[in-house]
Amino acid sequence: MSVQYDSTTNPEKMAISVEDGGQPAKPARTMTTLGLVVVGFFWTSGGFYGCEPAMDGPHLWMLALGLAMPLLYSLPTALISAELATNYPETGGQCVYVSLACGPLIGAHNTWWVWFSTCVDCGLYPQYIRDTLIQQLDLTAPGTNSSVNGTDVTGALGGTQPSDNDTLYNVMQYMPMMVIAFVTSINILGVDWLMKFETFLGIMAALPCLVFLGFGIPHIKLAPNLDSSGDMVLASMISRSLWLYGGFTNLGVLAGECKTPRRSYLIAVFILVPLKILLRFVPFLVAYSFEPTSADLETAGYFQEVAGFVGETSLFSGAWLSWWYFVGSLICFLGFYNAMAVNAERTMMYFCEERYSATLDRIARSNGLLNFLFRMPGEEEGGIRRFYILFIAAIEIGMVNINVGLLIELEMLIYAMSAGLFFYSFVYLRLERGRKFKEGRADPAAAPLLGGGNMDKVNVDAEADSETFSNSVFNIGGGNVVAFSLALCPVAFFAINTVLNLMGAGSPEAPFPYFKQTVFVGVIVVGVLANVISNQFEVQKSHTDEDE
């Protein structure tokens, strides 16, 4: 009997008999190269909408970080992600790699950390949509004073009659939930709809940014960009730079749904890394040239204000670019939220399908609503069980009530643990692949460490060697020394960020001092407890099966 393996399973459980039918349910491979590039666009940049908080700091030092991060962090991470995704093309991305390299225990904790930090990131973008609309419509909170035609106006809490401002402002507080509901309804329809939706959003979001840069680059001034004055909060600067130039570790999440992983990932890296530099560094040069104050930079929508200045001085004078940028920002935030929700859904799917696939399939065989929620879509629809999509939506309804700045710092602190394991797994798996190929052994238990190329399953026989997968995988050239050197700077950035954030008392937006440190410890404790409970459940289940 031939033995095949599924590389999403734990190393101890790799050999799975085909006759047993014991493999976890997996989504169909329906993701095109364009689909990966578009979703990856929102994972890695999506434009420069909402980047204002990351600009706050001495201009010179922020730009220095902006030059260093793409070369020392973004590009190495993109290349490493492409190698891992093509060698282990399974839905789940870095969760798969860490489980293979570190075993099921560390793999389970890592999956929890990745999932939690991704859910935190999702909570940013519905809030950005609300805040951008409030600023564009010049709304103020009820009970606060606003100036209209030079006259102070007081909201409903300060007077006897509610104003139109108060009504609309209160409606806007529900905007994040409307965004979540709308995006969830699209994702429920399957991968084909998701790709079309993201492609439309990607085009509409990128166009205003490119026009902004085309008209804005002539306005770049040297002196404001070389200004080194201002407070330099190193922990905040590094956290926000990692957030600004990160995202490439997410690319592997969709490898299990790509039709042609090697081709798709090489094209994605070739396109997305230059776009990252264009859309995250050059806009800062333009914005700093208008000599903003610290208050300007901390205000969502400052780039739109700059777009207004640029548009007024262009050949087509007027507010056209400001309005176009405003519409583009709303579209982009939709794309951001959708892309990160896809990540969170696939991470949750990876964890659950490994452990509870058979149980979920039994539930899916029910009629009516349970079948709709738990059935794994087929080839025509693509996608994952709808239960995952709706569960993430419910989580995000709670996340959108947390301050944006706090979410960014909290996300990067928690994700630092997963990032370290991601780069360790890259080193370990590369060494193991080389060792196994040299040995040339037909060991089914070691098969997943060899990598699977474009195939869902790999037949392992005595003739398996490094040539077997040469046409279906991408490996970083230059040998192990070059490959491992690429991982050093990203690891150093995350290590520095983690130490600085753990030492600081936290941002003023936090509800109490050392809030993020408390959440950091809490996330670890919850993961430990969940793992203990899960293991106990597995032990009891195995005893029950033995008794039967």
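Computed from a predicted structure; not experimentally measured. We're numbering straight along the sequence, starting at 1.
- Without hydrogens or angle criteria, R346 side chain to L254 main chain gives no donor-acceptor distance under 3.5 Å.
- Checking S99 against Y350 by side-chain atom types alone, a donor-acceptor pair falls below 3.5 Å.
- Remark: the backbone N or O of L244 is paired with a side-chain donor or acceptor of R280 at under 3.5 angstrom.
- By the 4.5 Å heavy-atom criterion applied to side chains, M31 and M195 are counted as neighbours.
- Geometric assessment of R430 against the ring of F426 yields a negative cation-pi assignment under the 6.0 Å and 45° thresholds.
- When side chains are defined from C-beta on, C122 does not count as touching F336, because their heavy atoms never get closer than 4.5 Å.
- Summarising the local packing, CZ of F484 is surrounded by more than 12 heavy atoms from other residues, nucleotides or ligands at distances under 6.0 Å.
- Considering all non-hydrogen atoms of both residues, P89 and A255 come closest at CA-CB, 3.7 Å.
- Closest approach of L213 and L279 over heavy atoms only: CD1-CD2, 4.0 Å.
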| message | Pair L84, Q94 - check side-chain contact (heavy atoms from CB on, under 4.5 Å), show working. | response | CA-CA 8 Å; L84 289 169; Q94 59 183 300; over 6 Å; no
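- Under 3.5 Å, the side chains of N475 and R433 contain a donor-acceptor pair of N or O atoms.
- F48 has its side chain within reach of C209: a pair of non-hydrogen atoms, C-beta onward, lies under 4.5 Å apart.
- The minimum heavy-atom distance between C489 and L72, with the atom names listed, is CB-O, 3.3 Å.
- Interatomic distance, N401 CG to E396 CD, rounded to the nearest 0.5 Å: 11.0 Å.
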| field | Worked check of side-chain contact (heavy atoms from CB on, under 4.5 Å) between L529 and V525 | value | CA-CA 6 Å; L529 292 176; V525 170; 4.1 Å; yes
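- Between the W43 side chain and the A339 main chain, a donor and an acceptor come within less than 3.5 Å of each other.
- For Y265 (side chain) and L79 (main-chain N/O), no donor-acceptor pair under 3.5 Å exists by modelled atom type.
- Heavy-atom minimum distance, S264 versus C258: CB-SG, 4.5 Å.
- The shortest non-hydrogen separation linking I180 to I397 is CD1-N, 3.8 Å.
- Remark: side-chain polar atoms of N87 are paired, donor with acceptor, to backbone N or O of E83 under 3.5 angstrom.
- L429 has its side chain within reach of Y88: a pair of non-hydrogen atoms, C-beta onward, lies under 4.5 Å apart.
- Counting heavy atoms from C-beta on, the side chains of C102 and L421 come closer than 4.5 Å.
- With hydrogens and angles disregarded, a donor-acceptor distance shorter than 3.5 Å links the side chain of T32 to the backbone of G35.
- H59 is not listed as a side-chain neighbour of N225, based on a closest heavy-atom distance of 4.5 Å or more.
- Between Y288 and F284, the ring-plane angle classifies as perpendicular under the 30° and 60° cut-offs.
- Residues V183 and N187 have side chains in contact (heavy-atom distance under 4.5 Å, counting atoms from C-beta outward).
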| query | Are E198 and N338 close enough, and set up right, to give a side-chain hydrogen bond (donor to acceptor under 3.5 Å, both in side chains), and what steps lead you there? | reply | CA-CA 8 Å; E198 284 289 88; N338 192 33; 3.1 Å; yes
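- Using the six-membered ring where Trp is involved, Y73 and F494 have ring planes that are perpendicular, over 60° apart on the 30 and 60° scheme.
- For V482, the side-chain contact (heavy atoms from CB on, under 4.5 Å) criterion is met by no residue, not counting sequence neighbours.
- E353 and Y388 share a side-chain donor-acceptor pair at under 3.5 Å.
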Could you pull out all donor-acceptor pairs under 3.5 Å where a side-chain atom in residues 112-119 meets a protein atom, sequence neighbours excluded?
{"unit_1": "W112", "atom_1": "NE1", "unit_2": "V523", "atom_2": "O", "d": "2.7"}
{"unit_1": "S117", "atom_1": "OG", "unit_2": "W113", "atom_2": "O", "d": "3.1"}
{"unit_1": "S117", "atom_1": "OG", "unit_2": "V114", "atom_2": "O", "d": "3.1"}
{"unit_1": "T118", "atom_1": "OG1", "unit_2": "V114", "atom_2": "O", "d": "2.7"}

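- Closest approach of A108 and R355 over heavy atoms only: CB-NH2, 3.5 Å.
- In this structure the side chain of L251 reaches within 4.5 angstrom of the side chain of L272, judged on heavy atoms.
- For Y337 and Y125, the ring centers are positioned 6.0 Å apart or more.
- Side chain of T86 to backbone of P261: no donor-acceptor contact under 3.5 angstrom is found.
- Between Y49 and F333, the ring-plane angle classifies as perpendicular under the 30° and 60° cut-offs.
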